[in-house]
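Reminder, nothing fancy here: chain letters follow the sequence lines and each chain counts from 1.
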There are 2 protein chains.
Amino acid sequence: MNPVTLIEHKRDGGELSAEQIEFFVRGLVDGRIADYQTAAMLMAIYLRGLNRRETVDFTLAMAQSGDTLDLHDVADFVIDKHSSGGVGDKTTLVVQPMVAACGVPVGKMSGRGLGITGGTLDKMESISGWSPELTMAQFKKQLREIGIVLAGQSADLAPADGILYSLRDVTATVGSIPLIAASIMSKKLAGGADGIVLDVKYGSGAFMKTRDAAQELADTMVAIGTDAGRTTVAILSDMNQPLGHAIGNALELKEAITVLNGSQEPADFWLHCLEIAANMLVVAGAAADLDSAKTLAQAAIASGDALAKFKLMVAAQGGDTAQIDDPARLPQAAIERPLIAPKSGKITSIDTGAIGMAAVELGAGRKAKGEKIDHAVGFILRVKIGDEVAEGEEIGVIFGEALDKIESAENALQSAIFDH
Amino acid sequence: MNPVTLIEHKRDGGELSAEQIEFFVRGLVDGRIADYQTAAMLMAIYLRGLNRRETVDFTLAMAQSGDTLDLHDVADFVIDKHSSGGVGDKTTLVVQPMVAACGVPVGKMSGRGLGITGGTLDKMESISGWSPELTMAQFKKQLREIGIVLAGQSADLAPADGILYSLRDVTATVGSIPLIAASIMSKKLAGGADGIVLDVKYGSGAFMKTRDAAQELADTMVAIGTDAGRTTVAILSDMNQPLGHAIGNALELKEAITVLNGSQEPADFWLHCLEIAANMLVVAGAAADLDSAKTLAQAAIASGDALAKFKLMVAAQGGDTAQIDDPARLPQAAIERPLIAPKSGKITSIDTGAIGMAAVELGAGRKAKGEKIDHAVGFILRVKIGDEVAEGEEIGVIFGEALDKIESAENALQSAIFDH
């Protein structure tokens, strides 16, 4: 087999065999296939596509390109969730302890956020001392003892994905549905999940701008999971406006703590958590249907068990639980500036991507890998699409460290909400 | 401007502006655009195409990516020819001295042959001492003094083409007509040609397998030349069988010397030389039409002027002209094996590509850049499509150095002519 022949075949719209795909993915990792050949193949895949069988084989080859985990010595059924990412998406912070509190262990690995607001790990790192760096032995011990772990993504899982992702990013081949699906699912499969709940977002703040594209991505990922023998469920969710009110790491963590404490506000965020948690419970076999799963999940909040699980995890990973008990002790921005409605009227749409970019500019997210972020900064936005506002009304708060950046954020937010 | 945006634009079928193309080509040469980005762009171009305007701009940007020549201090009108390559194509060896003997100076740069049989330089290097390595000053001096130079391609001309070509070769993006056309024409434009005669071959021994594809390539190159203000003519020629009888470096040189000495055999080769030479004379303004140009060219052979020009060039570049006077002094293979028709019948088609490959296997061409070739080895094939042969008839000769290779060549030739 030779790389040029494979590229040629896909270039001409041919179907790659499982052996060809494995040869290609193995070649990526062991360096036998050069970056430029990978890039040409990625563009050919982008333009010619991969069918279901190819996509599954591609994902499996990526999943098997490095270590694979088997957590069955510490959990009978390994459940995982994935969100395709959005603005204000702090769902994992609530859902993981909810599900764990219902007796289903959740050992989760999470990637480091790039762009928009920080990822789950960044939000958690608002807590002093908390660390996602765990050895596999520590990971398993914690999962066995307290049923909840939130760790960084191991570089040894699906290393082919890391190589591909960094190339896709610089060769205009990110937006290919089979490639996106294979990237997400390869890490889930390598992580040893028996069941996977996928939260696929669409809209102005999501990678997938339309519901149709999100549906296609969801269908592709469910097909992969199913063909790989994992129970896989996908939920489509609206990202045409931020999820909840808080955007920014400590602010989102505070909002998650509020919900863990029993608040059902912001309603969109609470209902979304309930939906995801219920699906995880059903997939894991802890509830017969979504309704009973929701009852279970809700009870875990009401009893305080979910919050207790969360605090156990924070403590086990070195975090200061006093900050969970008193979120005022979490990082606080130096300046709080009210966000004022510049005119009266009904909010008909929100450029949620622009809000995410404004958060990045303020320091809440990263423009490049490895950049430091500021955990305290961000926004509280209290308005939703359909709300009527009056000119001069306070519709949110900007949390920042420097006046010039706050002013830029103010302009960006007003334009994203009222004038885009 | 940023490379990812450009790739995206072409990926989605957009038209690249002249500025975008220039940015891309400049980026190739100065290293600001990484190989993998170039590879992704090449695949996008392969699959999405370039329109006439883009192709011309691309070619011009490549032509201007390094040095450009101006030979007008030594020639009023600079004429060049290019062949898209075929098996047994020794046309330049006859045509260049023919045209030069008619008073039109021809300073030609030629690439080093890769694959099939050697290139023009390899054929010439059958002559002891002959060298294509000339400084620009030597090139001009020789062109001024004797009106004929045959030199190696300068790496300083159209360096972007060299970078692109080596990437295309390993990323399955060679066969794109705009990219092929731009590659050929960029070197001609950088070389300062005022007029260009293109010999575009089609058939089983050519890169373009069909007449339609060759026509498309020819049209594209003529469009580029015309839009770049050069008189450009393309001739389509049949490469469904080898040109002439000789295949292999010294063997082809001998065949060319025979024609320079006045032989009109092999007829296909002689007529092809006459056609190309006549077109060059017309383009250069040395003849009013093809008929009078053919008369001129034929007279240059009959008078011995063409052969004399050839010998002048050989001598000027260090070659031993005694070998031209007595071609038996050119490299001779140790073994000559008659090629016998294995069955009776009419030859209906020839797998000319397979014959080229057999010549490479015998040592007459290169499989990889920089490989040494054997000037003496090759074939004389006396049969043409349409010929009737009898079983046991000698239809050619194999010239080789080792029996096992000769036997492989014998099998390959018999199968290419009788049984494919």
Side-chain angles (χ1 to χ4, degrees), chain A residues 1-16 20 23-24 27-28 31-50 114-115 160 162-180 207 209-210 213 367-369, chain B residues 1-16 20 23-24 27-28 31-50 114-115 160 162-180 207 209-210 213 367-369:
Chain A
M1 241 182 273
N2 113 34
V4 179
T5 318
L6 293 201
I7 301 169
E8 232 168 65
H9 192 56
K10 180 47 69 185
R11 177 198 77 192
D12 295 342
E15 182 178 338
L16 299 171
Q20 289 175 320
F23 170 85
F24 179 72
L28 280 181
R32 268 178 307 114
I33 295 181
D35 275 0
Y36 43 80
Q37 292 180 316
T38 306
M41 179 62 109
L42 287 170
M43 185 55 81
I45 290 175
Y46 186 100
L47 289 170
R48 293 297 199 171
L50 293 176
L114 180 61
I163 297 168
L164 279 182
Y165 191 81
S166 60
L167 269 174
R168 283 166 58 207
D169 200 35
V170 291
T171 57
T173 52
V174 170
S176 152
I177 284 180
L179 293 178
I180 296 169
F207 189 73
K209 298 301 171 204
T210 66
K367 282 190 236 176
K369 223 166 143 174
Chain B
M1 240 181 275
N2 114 34
V4 179
T5 317
L6 292 201
I7 301 170
E8 233 167 63
H9 191 57
K10 182 44 72 185
R11 177 198 75 192
D12 295 341
E15 183 178 338
L16 298 172
Q20 288 176 320
F23 171 84
F24 178 71
L28 279 181
R32 270 177 306 112
I33 295 181
D35 275 0
Y36 44 81
Q37 292 180 314
T38 306
M41 179 63 110
L42 287 171
M43 184 57 79
I45 289 175
Y46 186 99
L47 289 170
R48 295 297 199 172
L50 293 176
L114 180 61
I163 297 168
L164 279 182
Y165 191 82
S166 60
L167 270 174
R168 283 166 58 207
D169 200 36
V170 291
T171 57
T173 51
V174 170
S176 152
I177 285 180
L179 293 178
I180 297 170
F207 189 72
K209 299 301 169 205
T210 65
K367 283 188 237 178
K369 222 168 146 174

Novice: Has the side chain of B/Thr38 got a donor or acceptor atom that lies under 3.5 Å from a matching backbone atom of B/Ala34?
Specialist: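 At least one qualifying donor-acceptor pair exists.
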Novice: When only pairs under 4.5 Å are counted, which of A/Glu8, A/Met41, A/Gln37 shares the most heavy-atom pairs with chain B?
Specialist: A/Gln37
Novice: Can you tell which of B/Asp12, B/Val170, B/Thr173 has the highest number of heavy-atom pairs within less than 4.5 Å of chain A?
Specialist: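 Looking at each option in turn, the highest pair count goes to B/Val170.
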Novice: Starting at CE of A/Met43, measure out to CZ of A/Arg11 and round the result to the nearest 0.5 Å.
Specialist: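 One gets 15.0 Å once the value is rounded to the nearest 0.5 Å.
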Novice: Does any part of the side chain of A/Ile180, heavy atoms only, come nearer than 4.5 Å to the side chain of A/Phe207, both counted from C-beta?
Specialist: yes
Novice: Heavy atoms only, distances under 4.5 angstrom: which of B/Thr5, B/Asn2, B/Ile7 has the most pairs with chain A? Name it, please.
Specialist: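 Most heavy-atom pairs under 4.5 Å with chain A: B/Ile7.
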Novice: Highest number of heavy-atom pairs under 4.5 Å with chain B: which of A/Val4, A/Leu6, A/Leu42?
Specialist: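 The candidate making the most pairs under 4.5 Å is A/Val4.
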Novice: Check whether any side-chain heavy atom of A/Arg168 sits under 4.5 Å from a side-chain heavy atom of A/Tyr46, and report yes or no.
Specialist: no
